[in-house]
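Okay, structure first, notes after.
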Amino acid sequence: MPVAVITGGSKGLGRALAAALAGRGWDLVVSARTAEVLERSAEGLRGHGTRVVAVAGDVTDAGHRAALVAAAEGLGGLDLLVSNASVLGAEPLVRLDSQPLAGLRAALETNVVAALGLVQEALPLLRGSGAGTVIVISSEAAAEAYETWGGYGASKAALDQLAAVLAVEEPGLRVWAVDPGDMDTDLYEAAVPADGEVRPTPESVVPGFLRLLDRRPVSGRYAAPALLDRV
Ligand SMILES: NC(=O)c1ccc[n+]([C@@H]2O[C@H](COP(=O)([O-])OP(=O)(O)OC[C@H]3O[C@@H](n4cnc5c(N)ncnc54)[C@H](OP(=O)(O)O)[C@@H]3O)[C@@H](O)[C@H]2O)c1
């Protein structure tokens with residue numbers, strides 16, 4: 001069975017994607033900082049009959065990243081790495097004139113530095129897979145200038161560029177930066193609390209990811225809602 005590592009797999013988009021892959025028979029390694037929530041979520045995934053290893057930890061910790069890849073190796077290898085765990089850098093989001101610099105550093109550390117660290121750790125296994133794939137979760141805030149989304153958006157723009165260069169340097173892999181569009185999750189609620197808007201569920205964007213995996217289009221950036229149409 002193919003093996004995926006999904007960071008931030010305890011809730012939101014990461015959990016929805018993990019559930020869909022488990023439903024297709026993938027073996028999974030899932031990660032998040034909050035051990036109880038992660039374990040509950042992993043238990044639900046095991047209901048699909050696949051092997052699920054839950055590794056609690058912070059992606060900014062090199063030891064945690066090594067443990068994720070070691071767990072994948074224990075399942076037989078690594079075919080898909082989904083770098084999904086992210087932080088906002090300010091909760092709620094604020095304009096750049098008051099963006100805490102420590103928050104921006106934290107966003108860069110989690111959303112960019114840790115994502116690259118995990119790729120570096122995972123590359124030997126991904127190169128050895130017949131269909132090695134990296135998905136990094138981007139955001140519309142990486143490409144558009146929305147008031148208050150500057151710090152987080154800058155980190156996602158940097159992540160997009162890492163993915164684009166990785167795709168050039170690793171032509172044997174597929175590397176997709178995917179903007180899932182706005183979703184009703186804890187992250188969005190923390191970014192813009194109680195704004196009264198109704199947003200799509202994370203589950204509703206998962207078919208776009210599955211289509212990417214099925215069709216394996218060229219490496220590049222794919223954005224919702226066109227995700228379902230473009231691939
Ligand atoms: N929601 C949206 O509208 C939206 C739009 C565009 C892009 N995105 C992107 O979609 C992805 C998923 O976000 P979501 O909306 O699904 O958020 P979410 O429901 O809040 O889930 C975030 C996940 O990441 C984990 N996490 C956060 N920081 C971590 C760290 N340092 N180390 C390990 N795990 C960590 C969280 O668990 P713990 O807190 O327990 O660690 C949780 O499992 C993110 O990359 C986000 O930027 C979201």
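Indexing begins at 1, ligand by ligand and atom by atom, following the structure's order.
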Hey, is the main chain of [Y] close enough, under 3.5 Å, to the side chain of [X] for a donor-acceptor pair?
X: Thr34; Y: Glu36; result: no
X: Gln99; Y: Gly89; result: yes
X: Ser83; Y: Val136; result: no
X: Thr7; Y: Ala85; result: yes
X: Asn84; Y: Ile6; result: no

Only heavy atoms count here, so choose which of [options] is nearest to [atom].
atom: atom 33 (C) of ligand 1; options: Gly57, Pro200, Gly8, Ala35; value: Gly57
atom: atom 16 (O) of ligand 1; options: Thr7, Leu38, Leu13, Val82; value: Leu13
atom: atom 12 (C) of ligand 1; options: Asp186, Asn84, Asp182, Val192; value: Asn84

Taking it one step at a time, do Arg216 and Thr133 satisfy side-chain hydrogen bond (donor to acceptor under 3.5 Å, both in side chains)?
-> CA-CA 9 Å; Arg216 298 187 62 72; Thr133 303; 2.8 Å; yes

Per-atom contacts of ligand 1 with [X], taking only distances under 4.0 Å to non-hydrogen atoms:
X: Tyr152; result: 7 (C), 8 (N), 9 (C), 46 (C), 47 (O)
X: Ile137; result: 9 (C), 10 (O), 11 (C), 45 (O)
X: Gly181; result: 3 (O), 4 (C), 5 (C), 6 (C)
X: Val87; result: 28 (N)
X: Gly12; result: 16 (O), 19 (O)
X: Ser138; result: 6 (C), 7 (C)

For the residue pair Tyr188 and Trp149, does the interplanar ring angle fall in the parallel (under 30°), tilted (30 to 60°) or perpendicular (over 60°) class?
-> tilted

May I ask you to check whether [X] has an N/O atom sitting below 3.5 Å from an N/O atom of ligand 1?
X: Ser139; answer: no
X: Ala32; answer: no
X: Tyr188; answer: no
X: Asp179; answer: no

Just let me know how Thr110 lines up against ligand 1, side chain, backbone, both or neither, with a heavy-atom cut-off below 4.0 Å.
->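 Side chain only; the backbone of Thr110 stays clear of ligand 1.
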
Does any non-hydrogen side-chain atom of [Y] lie less than 4.5 Å from one of [X]?
X: Arg51; Y: Val53; answer: no
X: Phe209; Y: Ile137; answer: yes
X: Pro100; Y: Val94; answer: yes
X: His64; Y: Val59; answer: yes

Who's the nearest protein heavy-atom neighbour of [atom], and how far?
atom: atom 3 (O) of ligand 1; value: Met183 N, 2.7 Å
atom: atom 13 (O) of ligand 1; value: Leu187 CD1, 4.2 Å
atom: atom 35 (C) of ligand 1; value: Ala85 CB, 3.4 Å

Taking a cutoff of less than 4.0 Å between a non-hydrogen atom of the residue and any ligand atom, is [X] in contact with ligand 1?
X: Ala191; value: no
X: Pro180; value: yes
X: Lys156; value: yes
X: Thr60; value: no
X: Ala190; value: no

Check Ser139, Ser138, Ser86 against Lys156 for a side chain to side chain donor-acceptor pair (under 3.5 Å) and give me the one that passes.
->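 Among the candidates, only Ser86 passes.
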
What pair of heavy atoms forms the shortest contact from Ser219 to Val175, and how long is it?
-> OG-N, 2.9 Å

Contact bool for atom 22 (C) of ligand 1 (protein heavy atom, d < 4.0 Å) =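 No.
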
Check ion pair Arg46-Glu43 (N to O, under 4.0 angstrom) |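 Looking at Arg46 and Glu43, the cut-off is met.
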
